Amino acid sequence: TKAADVGADLVGKVEKNIPEDDPRNPATIADNVGDNVGDVAGMGADLFGSFAESTCAALVLASVSPQLQANWGSMLFPLLISAVGILVCFFTSYVATDISPVRQERDVEHVLKMQLILSTVILTPAAFAISYMFLPAVFCVSMPGQECTVDTRATWFGAFVCIASGLWAGLTTGLITEYYTSHSYQPVREVAESCKTGAATNIIYGLALGYKSVIVPVLALGATIFVSFQLCHMFGIALAALGMLSSLSIGLTIDAYGPICDNAGGIAEMAELGSSVRHITDTLDAAGNTTAAIGKGFAIGSAALVSLALYGAFVSRIGATSVDILEPIVFVFLLYGSMLPYWFSAMTMKSVGIAAREMVVEVREQFARIPGLMEGTAKPDYERCVAISTKASLREMIAPGALVMLSPILTGYIFGVHALSGLLAGSLVSSVQLALSASNTGGAWDNAKKYIEAGGLGEGKGKGSEFHKAAVVGDTVGDPLKDTSGPALNILMKLMAIISLVFANSFANFAAPQAGDASGTWAGY
């Protein structure tokens with residue numbers, strides 16, 4: 001779907017100098033449809049997958065604890081977290097609709113941000129209450145086959161801290177994402193200012209912003225993992241993931257807000273409703289870009305925690321108590337795993353480039369061959385552009401999908417489970433950094449363009465100016481980063497871990513280096 005976005009921007013705005021979502025642009029319909037497919041259906045499916053997988057991981061880990069099995073309340077505690085989260089988010093939504101609605105343009109981002117903050121604040125005591133009511137005072141969180149010792153015992157308060165740490169790490173990620181992608185703050189305004197010297201400096205500033213935006217979310221994620229594991233071991237990691245996702249209802253709501261406003265702006269432009277209507281939809285859309293970036297930050301953080309929980313289940317499934325990265329085969333595949341997200345991102349980026357090239361050619365040809373199209377007296381062939389995007393999305397995802405699915409399977413069967421342990425750890429660590437930077441870089445470029453269009457650089461430096469054209473180039477480069485490669489890395493993290501877990505027993509029994517035969521194993525395994 002990004003092919004339509006890139007094609008519509010490059011030919012429509014840069015070459016033909018017509019407004020965004022102008023009905024004369026053949027790629028306009030495909031662009032608007034793509035926003036729904038990517039930012040609503042795609043992100044919804046991604047977050048639902050994280051939600052389901054973290055719930056399943058927590059339930060599986062709870063099922064092996066004798067104390068948690070004692071009654072249904074403690075056994076199904078992960079589901080209680082989700083249920084309470086839905087109720088809290090439901091009541092929080094009334095703040096934006098009835099208690100403190102938007103009254104001025106500048107209030108849009110504030111009200112959306114307060115939804116996230118309020119849901120986090122209210123969920124914290126709610127998590128405390130259900131932890132106290134439904135969990136035993138002390139319970140064992142050891143893996144199957146391990147004895148319950150002092151080190152593997154947890155308390156209800158420790159479980160609450162795990163949930164709260166995930167919850168607040170998610171909010172921290174969301175607020176930092178907002179800071180780096182909203183044109184209300186200095187980083188995006190710096191990117192917009194860089195457009196005064198051309199597209200190249202815009203690209204440089206945007207990339208630097210994306211790399212810098214990784215620091216605080218990763219520190220928060222690392223602290224959450226450390227605290228959760230110390231208090232409740234792998235069960236704590238799963239609870240932290242559920243805590244981060246407990247405000248999913250609000251997170252997904254403000255994420256879907258973005259493409260809805262974007263489509264509203266497109267409809268206003270195509271219906272020729274006037275500049276005042278378009279000004280309002282642009283204001284809403286700019287806030288929507290930020291909320292979409294916040295949603296992506298939540299998705300990446302939760303995917304990392306879910307993948308780590310699944311990784312822990314995989315390691316325990318193969319009977320390993322630790323993974324030694326000083327072993328040559330493990331370290332080698334740690335490097336290979338950290339390379340996979342870059343390979344995967346290269347494939348998805350190139351896929352967008354191939355499809356975008358087809359779209360650009362088609363749009364140019366339609367402007368050339370359809371008489372009266374530029375004058376508005378003839379209609380473009382919208383269906384042709386929709387078909388190009390649809391076919392390309394199905395065709396170009398085969399190779400990246402095969403890479404994600406075959407990498408753990410081939411590694412497990414040929415090199416064994418310890419090599420696969422290194423591969424999974426490397427891909428997880430690398431994916432988090434790359435996904436966050438890609439998502440925030442794209443969001444910053446998009447909002448830098450919106451800032452310029454709103455007249456942020458001054459009179460005569462808005463739409464149609466050379467500064468605006470430089471911003472459009474950055475936004476076009478950022479589209480596949482924030483809407484394709486960045487979010488897709490969540491799938492790489494989770495799918496590789498879940499495939500490894502499903503095939504764990506088979507790898508251990510049928511891998512090429514047979515277990516028990518030291519002379520025929522890799523690195524002594």
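These numbers were taken from a predicted model, which means no experiment stands behind them.
No donor-acceptor pair closer than 3.5 Å links the side chain of R24 to the backbone N or O of L373. In this structure a side-chain-to-backbone donor-acceptor pair under 3.5 Å is missing from S407 to V404. The backbone N or O of G198 sits less than 3.5 Å from a side-chain atom of T201, completing a donor-acceptor pair. Although no hydrogens or angles enter the test, the distance criterion places a donor-acceptor pair under 3.5 Å between the side chain of S302 and the main chain of A299. Counting only distance, with no hydrogens or angles, the side chain of W445 and the backbone of N202 share a donor-acceptor pair below 3.5 Å. S389 places no side-chain N or O within 3.5 Å of a backbone atom of V386 that could act as its donor or acceptor partner. Proximity of a side-chain donor or acceptor of S437 to a complementary backbone N or O of Q433 within less than 3.5 Å is detected. Using a distance-only test at 3.5 Å, with no hydrogens or angles considered, a donor-acceptor pair links the side chain of T377 to the main chain of G372. Under the 3.5 Å distance criterion, the side-chain polar atoms of T441 are matched with a main-chain donor or acceptor of G206. In this structure a side-chain-to-backbone donor-acceptor pair under 3.5 Å is present from Y311 to S421.
If you look at Y336 and F333, their ring centroids are closer than 6.0 Å.
S506 and Y413 share a side-chain donor-acceptor pair at under 3.5 Å.
The distance from atom CG of L334 to atom CG of L424, rounded to the nearest 0.5 Å, is 10.5 Å. Interatomic distance, I250 CD1 to T92 OG1, rounded to the nearest 0.5 Å: 5.5 Å. Between S345 atom OG and L340 atom CG the span is 10.5 Å, to the nearest 0.5 Å. With rounding to the nearest 0.5 Å, the separation of CG in L171 from CG in L118 is 10.5 Å. Taken to the nearest 0.5 Å, the CD atom of Q115 stands 11.5 Å off from the OH atom of Y257. Rounding to the nearest 0.5 Å places CG of L242 at 6.5 Å from CZ of F51.
Look at K212 and E190 and you find no salt bridge, because none of the NZ, NE, NH1 or NH2 atoms lies under 4.0 Å from a carboxylate O.
Residues passing the ring pair (Phe, Tyr, Trp, His ring centres under 6.0 Å) test with Y185 are Y179, sequence neighbours excluded.
Each of S431, S307, S50 was evaluated against K494; a single residue qualifies, S50, per the side chain to side chain donor-acceptor pair (under 3.5 Å) test. Between E358 and the options K391, R384, R395, a salt bridge (charged side-chain N to carboxylate O under 4.0 Å, His left out) holds for only R395. The one candidate from V214, I215, V216 that meets the side chain to side chain contact (heavy atoms under 4.5 Å, CB included) condition with V218 is V214.
Around atom CZ of R357, no more than 12 heavy atoms belonging to other residues, nucleotides or ligands sit under 6.0 Å away. The local environment of CD in Q186 is crowded, with over 12 non-hydrogen atoms from other residues, nucleotides or ligands closer than 6.0 Å. Within a 6.0 Å sphere centred on CE of M405, other residues, nucleotides and ligands contribute 12 heavy atoms or fewer. Crowding of F507 atom CZ: a count of heavy atoms from other residues, nucleotides or ligands under 6.0 Å exceeding 12.
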Pair H183-V191, side chain to side chain contact (heavy atoms under 4.5 Å, CB included): steps then yes or no: CA-CA 9 Å; H183 62 51; V191 174; over 6 Å; no
Derivation and outcome, side chain to side chain contact (heavy atoms under 4.5 Å, CB included), residues M114 and V111: CA-CA 5 Å; M114 286 307 298; V111 170; 5.7 Å; no
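At least one side-chain heavy atom of C385 sits less than 4.5 Å from a side-chain heavy atom of Q366. When side chains are defined from C-beta on, M493 counts as touching V432, because their heavy atoms get closer than 4.5 Å. The shortest distance between side-chain heavy atoms of K450 and D475 does not fall below 4.5 Å.
In this structure, L209 and P187 approach most closely via the heavy-atom pair CD1-CB, 3.5 Å. Contact detail for A444 and V188: the closest heavy-atom pair is O-CG1, 3.9 Å.
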